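Given the structure is predicted, the values throughout are model-derived calculations rather than measurements.
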Amino acid sequence: EVQLVESGGGLVQAGGSLRLSCVASGITFEDYAIGWFRQAPGKEREGVSSISNSDGSTYYADSVKGRFTISSDNAKNTVYLQMNSLKPEDTGLYYCAADASDQGWSRTGMHLHFYDSWGQGTQVTVSS
């Protein structure tokens, strides 16, 4: 059974930082891409960043480029999302998800339907 468990969310002031973690089990970690998505109240879920554990390639949404960094520790089956210079518009429930196809993103963005296993989410709230 695939399990993804997020942690690291919290309340932070604008300009602050948080590091999210996603621990995966039940998969061959190196064969998957892991993505981070977020969903604000009343809005659609959007892709934030993704990393391929097979070749280390990464994707970032334009809204987080230069502020967020995704990384992976294959020995720990864990993907991290370092979030710096946080803004109130970064507020939302952050989910990690696993993509067995490793095709979950393109130049047009991240594609939810490729991510077939999801965690429960961790809340990030950025106050102004």
Separation between CD of Glu30 and CG of Asn77, rounded to the nearest 0.5 Å:
6.5 Å
Side-chain donor-acceptor pair present, Ser117, Tyr32, cut-off under 3.5 Å
no
Locate the shortest heavy-atom distance separating Ser50 from Met110; write the atom from each residue and the value.
CB-CE, 3.7 Å
Distance under 6.0 Å and angle within 45° of ring axis: Arg38 vs Tyr95
no
Can a donor-acceptor pair be found, under 3.5 Å and without considering hydrogens, that links the side chain of Ser106 to the backbone of Thr108?
yes
For Arg19 and Tyr80, which I'm curious about, is there any donor-acceptor pair between the side chains at under 3.5 Å?
no
Leu86 versus Leu18: any side-chain heavy-atom pair under 4.5 Å?
yes
One pair to check against side chain to side chain contact (heavy atoms under 4.5 Å, CB included): Arg45 and Trp118. What are the steps and the verdict?
CA-CA 12 Å; Arg45 193 170 298 189; Trp118 293 78; 3.3 Å; yes
Determine whether Tyr59 and Met83 fall in the same hydrophobic cluster, where Ile, Leu, Val, Met, Phe, Trp and Tyr are linked whenever their side-chain heavy atoms lie under 4.5 Å apart.
no
Are Leu112 and Tyr94 connected into the same hydrophobic cluster when the rule is that any two of I, L, V, M, F, W, Y join if their side-chain heavy atoms are below 4.5 Å apart?
no
Of all heavy-atom pairs linking Pro88 and Ser128, the shortest is CG-CB, 3.8 Å
Gap separating the CG atom of Asn53 from the OG1 atom of Thr28, nearest 0.5 angstrom:
11.0 Å
With side chains defined as the heavy atoms from C-beta onward, is the minimum distance between Ile70 and Val79 less than 4.5 Å?
yes
Check the hydrophobic clustering (I, L, V, M, F, W, Y; side-chain heavy atoms under 4.5 Å; chains of links allowed) and say if Phe29 and Val23 are grouped together.
no
Between Gln3 and Ile27, does the side chain to side chain contact (heavy atoms under 4.5 Å, CB included) criterion hold? Intermediate values first, please.
CA-CA 8 Å; Gln3 279 197 319; Ile27 60 173; over 6 Å; no
Same cluster or not: Val126 versus Leu93, using hydrophobic residues (I, L, V, M, F, W, Y) connected whenever any side-chain heavy atoms lie under 4.5 Å apart?
no
Looking at Gln120, I want to see if its CD is surrounded by more than 12 non-hydrogen atoms of other residues, nucleotides or ligands under 6.0 Å.
no
Have Asn74 and Ser72 got a donor and an acceptor in their side chains that come within less than 3.5 Å?
yes
May I ask you to check whether Phe68 and Trp36 place their ring centres under 6.0 Å from each other?
no
Sequence neighbours excluded, every pair satisfying disulfide bond (SG atoms under 2.5 Å apart) that has a member inside residues 13-98:
Cys22-Cys96
Indicate the atoms forming the closest heavy-atom contact of Gly104 with Ser101, along with that distance.
N-OG, 4.3 Å
Shortest non-hydrogen separation from Ala97 to Phe37 and the atoms involved:
CB-CE1, 4.1 Å
With the 4.5 Å side-chain cut-off for hydrophobic clustering, are Ile34 and Leu81 part of the same group?
yes
Could I get the full list of salt bridge (charged side-chain N to carboxylate O under 4.0 Å, His left out) partners for Glu89, not counting sequence neighbours?
none
Any side-chain heavy atom of Ser71 within less than 4.5 Å of one from Gln82?
no
If I compare all heavy atoms of Thr122 with all of Gly8, which pair ends up nearest, and what's the gap?
OG1-N, 4.1 Å
Note: Asp90-Lys87 ion pair, threshold 4.0 Å (strictly below):
no
Which heavy atom of Thr78 sits nearest to which heavy atom of Ser21, and what is that distance?
CG2-CB, 4.3 Å
side-chain contact (heavy atoms from CB on, under 4.5 Å) against Ser54, all qualifying residues, sequence neighbours excluded:
Ser52, Asp102
Hey, are the side chains of His111 and Gln103 touching, using non-hydrogen atoms and a 4.5 Å cut-off?
no
